[in-house]
Each structure stands twice: as structure tokens, then as C-alpha cells.
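Side chains included, hydrogens not; waters and symmetry mates left out as well; all remaining heavy atoms used. The sequence lines fix the lettering, A, B, ..., with proteins before strands; numbering per chain opens at 1. As the structure is a prediction and not an experimental result, all values here were calculated from the model.
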Amino acid sequence: MVFVSRKLNTLTKLSEPWLPFSQRKLLETDLVSKLDNCRNFAQIKQLHAHIIRKGLNQSCYVVTKLLRMLSNVGVPVDKYAHHVFDQVPQRNSFIWTALIRGYCVQGLIREAVGLYGLMRMEGMAPVSFTFSALLKACSLGEDVNVGLGMQIHGQIVGVGGFDCDLVVWNTMIDMYVKCGFLGCGRRVFDEMVVRDVISWTSLIVAYARTGDMDSAKELFDELPVKDMVAWTAMVTGYAQNARPREALNLFKRMQDGNVETDEVTLVGVISACAQLGAAKYAGWVRNIAEESGYRPTSNVVVGSAFVDMYSKCGNVEEAYSIFKRMRERNVYSFSSMIVGFAMHGHATEAINLFEEMVKTKIKPNRVTFVGVLTACSHAGLTEQGEQYFKMMQSCYGVVPDADHYACMVDLRGRSGRLEGALQLIKTMPVKPHGGVWGALLGACRIHGDPDIAQIAANSLFELEPNSIGNYILLSNIYASAGRWEDVARVRKAVRMKGLKKNPACSFVEGKDGVIHEFLAGDLTHPRSSQIKRELENLLHKLKFHGYQPVLSSVPYDVDDKEKMRILMAHSEKLAFSYGLLTVASCSTITIVKNLRICEDCHLFMCGASLVTGRKIIIRDNMRFHHFHDGACSCNNFW
DNA sequence: TTAGGGTTAG
């Protein structure tokens with residue numbers, strides 16, 4: 001509970017009472033503007049001493065500014081501000097509000113509300129700013145303070161309520177949606193007589209954050225006058241909900257409408273391009289950024305987004321080149337680069353960069369460690385991974401969460417320690433999510449262990465009952481072990497649940513910059529017969545070099561000839577063959593695949609990189625594979 | 001003088 005002296009201060013005589021009113025006003029204005037320029041506590045204290053000498057420590061106008069500045073530079077309210085407040089004999093609503101705001105900024109919402117109660121008892125009428133400060137505080141901090149926010153809402157609209165400005169109503173919408181009560185936010189919005197673009201944008205963002213882009217779009221379409229922030233909210237919403245094409249289409253509409261672009265818009269667009277993973281988009285957005293005056297090397301947020309994008313587009317060299325030239329780097333820049341190296345199998349670089357990072361003042365966070373552990377796992381650096389896992393909490397204060405445990409299960413599982421991985425899941429202090437069991441199931445596929453796979457799959461079916469991928473993985477593990485009855489049982493479960501398989505597809509960028517899509521077994525491409533012929537020629541050469549198709553990659557109980565036919569129609573092989581026909585012989589062929597690359601295609605691409613002399617990059621749904629001279633950057637860990 | 005959009009993740 002906050003204690004506030006309600007006794008009026010006895011010191012009522014001003015030290016310069018002879019100052020005429022106009023001069024006193026001038027002095028007040030001068031002090032307020034000086035306060036405005038204060039940047040730290042020491043400067044404020046010095047000025048405060050001067051204020052006392054001039055006898056203006058009882059002026060509500062000056063003291064209100066003093067209180068604001070104290071909280072702006074982060075001085076805890078009860079350390080100084082409260083005492084200053086107590087010295088003022090006649091307080092108005094503004095000075096009360098400044099003190100309340102101080103508590104709000106510190107996240108001490110209960111104290112702020114208590115103070116608000118005292119303010120009312122003193123007969124002070126709150127102003128709009130009092131409510132907006134309180135409501136904003138209700139949506140901040142770790143506690144969900146929606147209960148207090150609702151009380152304030154009740155007072156505003158209740159009997160003898162208050163006329164509030166738009167800021168209060170907009171803050172109320174935001175308070176409800178930030179506390180997870182989207183329906184309440186919507187109701188406030190619907191009941192508002194006057195709305196502005198901020199009211200609309202708050203709700204659009206709220207819908208986007210829950211993944212409901214249809215409702216967000218509906219609101220956006222109705223919004224009469226759209227500004228840059230509203231457009232950006234939609235572009236970013238699509239990007240965050242894995243709908244990159246829609247994000248880019250909307251951005252193009254935004255450009256057509258001559259809406260300004262700033263760094264936040266760009267970040268959303270860059271993130272969409274990263275998801276598409278195509279060099280064409282990378283170059284396009286880079287030009288737009290440079291034209292708008294946002295150079296990746298001089299803007300840390302745009303730069304970090306570019307580092308991530310280039311890594312995801314397969315160009316880790318360009319990502320690193322930007323990273324090195326960035327004038328300022330933050331935890332996002334380092335983490336994006338570390339994750340980028342990890343995705344491309346450059347474990348040593350990832351670890352070296354992490355060591356470089358800890359020498360700076362930038363503290364690693366949970367994402368940084370996901371990157372470091374993934375790097376260790378993908379390179380088979382089991383011991384180092386175990387060490388970093390121990391150190392993340394003891395040395396860096398980052399508490400491992402389910403994602404980090406997933407990395408560790410992956411690390412142990414890939415290296416063949418399936419029992420050790422299972423043990424870790426059984427003893428981990430946080431509840432394992434789908435990712436943890438998924439890592440174990442993936443490891444069972446690599447090491448061919450149908451029994452542990454069954455345990456992992458059972459948990460996955462509970463956690464993610466409608467995820468087809470888990471059923472397919474389990475069925476493939478049984479198929480590899482020749483347990484066709486179990487395969488049939490899993491397939492039947494899939495049929496009973498009415499789940500549809502995600503068709504495998506691969507994309508390759510032709511020399512004209514057009515992206516070509518191939519589905520597995522797809523013969524609809526106009527150059528299909530040429531693609532098939534090219535593939536047969538290549539197969540012939542590969543067999544001469546000792547390539548043996550991995551027939552166990554076909555999870556169907558069919559004869560070997562049929563297995564061979566299925567393997568040769570895998571989407572990445574079709575895409576690669578098309579790449580051979582169209583991509584200039586000196587260029588790398590880059591393929592993006594929606595599912596994980598199979599063992600046979602991996603072996604095939606290793607051989608293909610040798611006999612054709614081409615560099616091949618395949619981005620599957622897990623990571624990047626760089627094939628060159630008969631080997632892959634993943635060292636067959638994937 | 002207070003309110004809306006932000007990058008990294010198996």
C-alpha cells in the first residue's frame with residue numbers, strides 16, 4: 001500500500017513572493033524546458049536544488065515535469081519522486097497523474113491504482129491521461145492485470161462516468177488484447193462512436209497475433225483511411241503467419257498506393273522473402289531497402305533481418321559479409337548469424353561466433369543457444385553440445401526450455417544414443433512438446449529403431465493428433481525394418497482419421513528468374529520428357545561411379561523395380577534435372593523442398609555434384625545441404 | 001502530450 005501524506009505542507013511562504021505573476025510564469029516555463037533536457041538523475045537533482053532556491057518546488061506545473069523526468073530516467077518512484085510530491089501543498093490532477101504514471105512505468109500497477117483511489121478521495125477529478133497511464137500499465141509486466149483494467153473501464157463508463165479522449169479508448173482496446181481478451185477489445189471497438197486508424201490497427205494486430213488473418217483482413221478492408229502503420233501491420237501479420245506470398249502482394253499494393261516505407265515495413269517484407277528462400281526475392285528487397293535509404297550495414301534491425309534472409313536463401317556468405325560490416329550488432333544479429341551458420345552445417349563458425357559474442361557486452365538469449373546447440377548437433381559435436389547445455393544456465397543464466405531439450409535429444413539421438421535421449425526426456429523438468437518427441441522420432445529413423453520410435457510416436461499422436469508427418473515417419477521406420485504389418489496398421493489409422501498427406505514438392509529457380517514447382521511423380525511440366533531423359537543419363541553415369549539406389553527410402557511394399565521408379569520421380573530429382581537443363585553451367589543449382597530430403601536423394605545429389613561438377617544447394621524443411629565434389633556440408637547428419 | 005506496426009527458433 002502506498003502511503004501519501006495528505007497533510008498539507010506547512011511551508012507555504014514562497015521565497016520570492018514579490019515576483020510578479022508574468023515573471024513567475026516565465027521562470028516556470030524556463031525551468032520546465034531545462035528539466036526537459038535532463039538526461040540523468042544527477043542533472044535532475046541539481047536542477048531540483050535550483051527549483052527549491054527559487055521557491056518553485058510548490059508549483060504544480062514545475063513539479064509535474066520534475067516527476068515525469070524522474071520516471072523517464074528510471075528513478076524508482078519511492079526513492080525521490082514521492083518525497084517531492086509530498087512537498088506540494090495544493091496538488092492538482094496533473095501532479096497526481098504524474099506520480100501515478102511513475103508507478104505505472106515501473107510496472108507497480110497495484111500501487112498506482114491505490115494512489116488513484118487516494119486521488120479520488122482528495123476530490124481530484126482524473127484526466128484522460130490518468131486513465132491511459134493506468135490502462136497501459138495493466139497490459140504491461142508479467143502479471144496479467146486485466147482485472148484492474150476492467151475496474152478502471154467500469155469507473156469510466158459507470159454512473160457519473162468520465163468523458164475520455166480517443167487515447168483512453170484506444171489504450172483500453174490494447175489493454176484487453178494484450179491481456180488475451182480479444183473479444184473484450186473488439187466489444188470496446190464496436191461500442192466506440194468515434195474511431196481512428198489507431199483503434200483499427202490495434203485490433204488488426206490482435207487478430208494477426210492469434211493467427212486469424214481473415215478477420216484482420218476484413219477489418220483492414222473496411223478501414224477507411226489506411227496509413228503506413230496499418231499497412232505494415234497487415235504485411236507483418238502475413239509474414240508472421242507463414243503466408244509470405246500474401247505479405248509480398250500486399251506490400252506491392254502498398255507501393256502502388258505510394259504509401260511510405262520505413263524500417264518496420266521492410267523488416268516484415270524481408271522476413272517474407274526469407275520464408276520464400278529465393279535469390280530473386282532477396283535481390284529485389286535489397287534494392288528496395290537501399291532505395292529507401294535503409295542500408296543493412298547502418299541499420300541494426302534491417303541488417304539482422306537481412307542476415308537471416310540471406311542465410312535462409314542459401315547465401316550464407318552474403319549473410320556473413322553483411323554481418324561483418326554492420327556498424328552496430330545486437331542479440332538478434334548474432335543469433336541470426338549463429339543460427340544461419342548452424343543451418344548450413346558450419347558448426348565451427350557458429351561456435352567461434354558465439355565465443356566472440358560473449359566477449360562483447362551482448363548477452364546471449366534462448367535463441368542464441370538454440371543456434372549453438374543445433375550447430376553442435378548437426379556436426380555431431382556431442383561433447384561440446386553437452387558442455388554448452390550445462391553452461392547456458394550456470395554461466396549465462398538462460399534457463400533451458402523445451403526447445404533446448406529438443407536440441408539435446410536431437411544431439412544424443414543423432415549420435416546413436418537413443419536410450420540416453422529417451423532418458424533425458426523422462427527426467428527433463430519442463431513438459432516435453434512435440435519438438436522434443438519429434439527429435440527422438442527423427443533419430444529413430446536415422447538409426448532404424450522401431451521400438452523407441454513407437455514410444456516417441458505414441459506421445460506425438462497425443463500432442464499433435466492431426467499432424468500427418470509423424471504417422472508417415474513412423475510408417476517409414478517400420479517400412480525400413482520390413483515390418484509391413486505395422487506399416488499397414490499406421491496407414492489405416494491415418495485413413496480412419498481422414499488425414500491427407502502433404503504432397504512433396506520442390507522449387508527451382510530457372511535462369512529467367514521464374515520459380516518452377518515440381519511435385520513428386522509430376523509429369524505435367526512442359527519439358528517433362530527432356531527432364532526424364534536428363535535424369536536417366538545422370539543415373540547411368542552415377543551407377544558407373546558406384547551409386548546404389550537406397551531402396552529402403554521407399555516406404556511401400558512393392559517390388560524393387562517399382563521402388564526404383566518411385567525414387568527417380570522424387571520432386572528434388574525432377575527439380576535438379578530441370579536445373580541442369582536451364583541454369584548456367586557455372587552457377588549453383590538451388591532447390592527448396594517442403595519436406596525432409598530422403599536418404600536416396602541425398603546420396604544421389606552427392607554423386608551428382610561429383611559427376612556434373614555442379615554445386616547444388618538443397619534447403620529442406622530442416623536445414624541446408626551444400627553438395628560439392630561428391631560430399632555434403634551436413635556430413636550425412638540430417 | 002499520453003495510443004497502433006519490428007528482426008532470431010528443431
Side-chain angles (χ1 to χ4, degrees), chain A residues 65 68 94 97-98 101 104-105 127-136 139 164-175 177-178 195-206 208-209 223 227-237 239-240 262-271 274 296 299-309 311-312 330-340 342-343 364-371 373-374 377-378 401-411 413-414 433-443 596 621-623 638:
Chain A
K65 189 73 196 180
R68 288 192 61 79
F94 296 103
T97 300
R101 176 184 176 268
C104 289
V105 170
V127 291
S128 277
F129 186 30
T130 323
F131 291 124
S132 53
L134 285 167
L135 288 169
K136 184 171 184 179
S139 62
C164 288
D165 63 18
L166 206 47
V167 178
V168 173
W169 293 103
N170 286 341
T171 315
M172 202 184 300
I173 296 178
D174 213 49
M175 181 272 298
V177 301
K178 288 220 171 94
R195 304 170 187 137
D196 67 359
V197 64
I198 296 178
S199 338
W200 293 80
T201 311
S202 293
L203 262 193
I204 289 172
V205 170
R209 294 223 170 114
L223 173 53
D227 68 1
M228 177 177 70
V229 178
W231 280 95
T232 303
M234 280 302 287
V235 171
T236 308
Q240 287 169 339
D262 75 355
E263 58 179 310
V264 184
T265 323
L266 274 175
V267 161
V269 179
I270 297 168
S271 161
N299 183 304
V300 64
V301 185
V302 171
S304 306
F306 269 123
V307 167
D308 170 61
M309 182 195 74
S311 299
K312 285 184 178 157
N330 61 17
V331 66
Y332 285 95
S333 337
F334 272 99
S335 305
S336 299
M337 197 62 246
I338 290 170
V339 169
M343 273 194 299
N365 66 12
R366 47 183 308 284
V367 183
T368 322
F369 279 103
V370 168
L373 297 177
T374 310
S377 156
H378 284 178
D401 63 22
D403 284 341
H404 299 107
Y405 279 95
C407 291
M408 293 310 289
V409 168
D410 197 48
L411 182 93
R414 271 175 208 276
H433 59 27
V436 177
W437 289 109
L440 184 62
L441 189 62
R596 197 194 280 235
N621 64 347
M622 302 299 286
R623 56 171 299 167
W638 85 92

Would you indicate whether the side-chain heavy atoms of [Y] and [X] approach each other to under 4.5 Å?
X: A/F306; Y: A/I270; answer: yes
X: A/M343; Y: A/T374; answer: no
X: A/V339; Y: A/S311; answer: no

Rounded off to whole Å, could you give me the [atom1]-to-[atom2] distance for the [X] and [N] pair?
X: A/M337; N: B/dA9; atom1: CE; atom2: P; value: 12 Å
X: A/N365; N: B/dT7; atom1: CG; atom2: P; value: 13 Å
X: A/I270; N: B/dT8; atom1: CD1; atom2: C1'; value: 13 Å

Looking across every strand, which nucleic acid part, if any, lies under 4.0 Å from [X] by heavy atom: base, sugar-phosphate, or nothing?
X: A/S336; result: sugar-phosphate
X: A/G413; result: nothing
X: A/A439; result: base

What string of B, S and - do you get for nucleotides 1-6 of chain B, 5' to 3', when a contact is any protein heavy atom under 4.0 Å?
SBBBBB

Strictly by modelled atom types, are A/T171 and A/D174 linked by a side-chain donor-acceptor pair under 3.5 Å?
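A/D174 and A/T171 do not have a side-chain donor-acceptor pair below 3.5 Å.
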
Give a yes/no answer on whether the side chain of A/K312 brings an N or O atom under 4.0 Å of OP1 or OP2 in B/dT7.
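For A/K312, the contact criterion (side-chain N or O under 4.0 Å from OP1 or OP2 of B/dT7) is not met.
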
Kindly compute the distance separating CG (A/N299) from OG (A/S304), expressed to the nearest 0.5 Å.
8.5 Å

Hey, could you give me the CG/SG distance between A/L135 and A/C104, rounded to the nearest 0.5 Å?
9.0 Å

